[in-house]
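The next block holds one structure in the form of structure tokens; read it before the comments.
Predicted, not measured: the structure shown is a model, and the values here were computed from it.
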Amino acid sequence: HTTIDRSLLLLTSSQQPEYVMSAASANSPDVLSQPAVERCVDERSLRSLIDALPLVDNHAHPAMLLSPPVHSARHAGSCSSSGSSSSVRAQSFCVPTTPSDVLEFRNAFTESHDVTLLETQLSSSLSYARNVRQLKQVLLAAHSTTTATAATSVQDAESTLLRHLSQRSAASRIESSLAAANLRAVLLDDGLQYSELDVHGVARTASSCCSAPVSSYAGHSCAAFRVLRLEREAELTVDAVRLESGAHSPITVGLFRSLFRTRLLCALESLPTVVALKSIAAYRCGLQRCAPSSPAPSDEQVIEFGLTASGNCRIQSGLLVSEVIRIGLSIARERNLPLQIHTGFGDTDLKLNQADPTYLHELLQSEAKYAKPVSIVLLHSSYPFCRQLGYLASVYSNVYIDVGLAIPYLSRAGMRNMLSALFELAPLNKIMYSSDAHTIPELLLLGALNAKEVLADVLVSTVHDQELSFSEALSVARDFFYGTAVRLHPAVSEALRNLSAASSFSSSSSSSSSSS
């Protein structure tokens, strides 16, 4: 672990990736610095070195807890959030003792909430079969002499896995997933409201489930950061006004602009772990409404919004979403924060044809006018619009690609095809890894396992096509798994330096104790 942390420290000190070994770096003793790249001379060594790489997970969500830990919720009138990892230890995730609990587990592997699909169809998908067998093999390797091959039925693998997970605490599942995935940092969007999702026909409530605290993902070998969801903060802004002035009181655009901007700035001050902003505009009105409104709405205009089943604000008008993104971009520019945007597939709340990233053309053109435009990270490989995404990354210097959700949700061939499509045109140092883990922490591990396998497959193919050397392919993998994310997020770079220093200090102290 110390060796891997040092490799991260080496990378954070450089501003750009180097696909050609320099003379200065040739003297470094680190196993994952350039001498290791030089030793990457064949397919076997490439796959082995990729398998050993540490990861930064650029986008994920805290796991779902069946009941909320003390002091973990963020309230509508507050800009702060708290929650200790100790509060997670008493919680468990979807303990599989009833049919509905099994469906909760399966729901982690699909964007559908259809009970019939969960009960009778999901298990026949290639991705679910592969993921369940992979997870069983990894988690039960120490307890079994057999491996979970394709000969093991999906149902048997699922049953064995669920019995094992039901005996694990929430904290141990998070910790083991982080360790097995070799994660050094994870960026968590904790704005996902599990209580608003209706699964297997039974609506969840805020009292029955919530997100694990972000702090429960931070440990001695992994740093945890927040991604601030703009629409969630905007909805909390509106709810606070409605609570104070009355549910039916009109809210003007001018008042919303002032309060929303103040709320975001307050959140950034009170939550120092925020390293990026995020928009889910594709879910609310479609990406075609993301560009700044022209002409801009007047301060006196009254905003419109919907309501959730529980009576809380739901932002869904194009005008309001446009204002949310405009204000978010302004603050991101001031604070040097990337903006993540959901693109491509998602659950049935989304109209897929409105999630095509090319709808962002006007927004990207507008942002390109600035001397230092905001870095725009387009999530989920924009699947199935992968080639459109690759094109955008090839023509806008501030557009970056995140592959989470497509990995591990697609079949193995699908994941390879997705990466290959991105590789056709996009600069390779703009493509980065994430798991988009949610509901269960084990998705952190499955994302890492599948990403390393399919990236190695695609990189080997590029070497065979004489487009990259083996050493260059490994440099691409390093950028993919942590280099690009580190360069986009200065706070992540600093945290990795601190983790590396702490690891080195710990190792030094242990050595001294042994000598004594």
Side-chain angles (χ1 to χ4, degrees), residues 58-59 61-62 73-83 187-193 211 214 224-245 251-285 289-293 296-297 299 301 303 305 312-342 363 366-367 370 372-377 379 398 488-492:
N58 182 67
H59 178 80
H61 304 273
R74 284 201 286 163
H75 302 289
S78 169
C79 289
S80 64
S81 175
S82 61
L187 281 58
L188 297 162
D189 166 18
D190 61 344
L192 175 62
Q193 302 298 295
S211 296
V214 170
F225 300 92
R226 271 189 176 85
V227 176
L228 201 63
R229 185 181 289 211
L230 294 176
E231 288 80 7
R232 175 62 178 162
E233 297 302 315
E235 288 160 351
L236 291 174
T237 300
V238 172
D239 282 338
V241 175
R242 295 172 67 227
L243 183 64
E244 182 176 339
S245 304
I251 303 173
T252 64
V253 170
L255 178 61
F256 173 78
R257 284 169 174 160
S258 175
L259 293 178
F260 179 53
R261 180 177 176 82
T262 298
R263 182 179 182 88
L264 288 183
L265 292 174
C266 177
L268 292 177
E269 292 300 326
S270 61
L271 300 171
T273 56
V274 174
V275 294
L277 305 180
K278 177 187 174 182
S279 171
I280 57 166
Y283 276 101
R284 301 308 174 83
C285 61
R289 301 302 300 272
C290 285
S293 299
D299 284 348
Q301 186 169 342
I303 67 171
F305 54 87
N312 294 321
C313 168
R314 177 180 169 84
I315 289 178
Q316 55 194 24
S317 76
L319 182 148
L320 197 50
V321 167
S322 178
E323 281 298 299
V324 166
I325 292 179
R326 185 187 64 79
I327 295 169
L329 279 170
S330 174
I331 291 178
R333 212 174 291 117
E334 295 169 10
R335 299 299 183 97
N336 191 28
L337 296 174
L339 173 64
Q340 300 182 356
I341 301 179
H342 178 106
L363 182 147
S366 175
E367 192 61 25
Y370 292 92
K372 190 175 181 181
V374 172
S375 295
I376 307 292
V377 181
L379 301 174
N398 63 320
L488 275 183
H489 307 95
V492 174

Query - Sidechain-backbone polar pair: Glu231 side chain, Ile280 backbone, donor-acceptor under 3.5 Å - result: yes
Report task. Would you give the length of the straight line joining atom CG of Leu277 to atom CG of Asp189, rounded to the nearest 0.5 angstrom? Result -> 11.0 Å
**Report entry** Distance in Å, Leu259 CG paired with Thr252 OG1, rounded so as to fall on 0.5 Å steps
**Finding:** 8.5 Å
Report task. State whether Arg335 and Glu269 are salt-bridged, where the test is any N-O pair (Lys NZ or Arg NE/NH1/NH2 against Asp/Glu carboxylate O) under 4.0 Å. Result -> yes
Query raised in the report: Which distance, rounded to the nearest 0.5 Å, do you find between the CG of Leu363 and the OG of Ser279?
Result: 9.0 Å
Requested in this report: For Gln301, check side-chain hydrogen bond (donor to acceptor under 3.5 Å, both in side chains) against everything at least two apart and list the hits.
Outcome: none
Query raised in the report: Going by heavy atoms in the side chains, are Gln340 and Asn58 under 4.5 Å from each other?
Result: yes
Query raised in the report: If you look at every heavy atom in Arg257 and Ala296, which pair is closest and at what distance?
Result: NH2-CB, 4.2 Å
Query raised in the report: What distance do Arg226 atom CZ and Leu268 atom CG have between them, rounded to the nearest 0.5 Å?
Result: 11.5 Å
**Report entry** Distance (rounded to the nearest 0.5 Å) between Leu187 CG and Lys278 NZ
**Finding:** 11.5 Å
Report task. Taking ring-ring contact (aromatic ring centres under 6.0 Å, His included) as the test, write out the residues that go with His342, two or more places apart. Result -> Tyr283, His380
Query raised in the report: In Å, rounded to the nearest 0.5 Å, how long is the span from CD1 of Ile251 to CD1 of Ile303?
Result: 4.5 Å
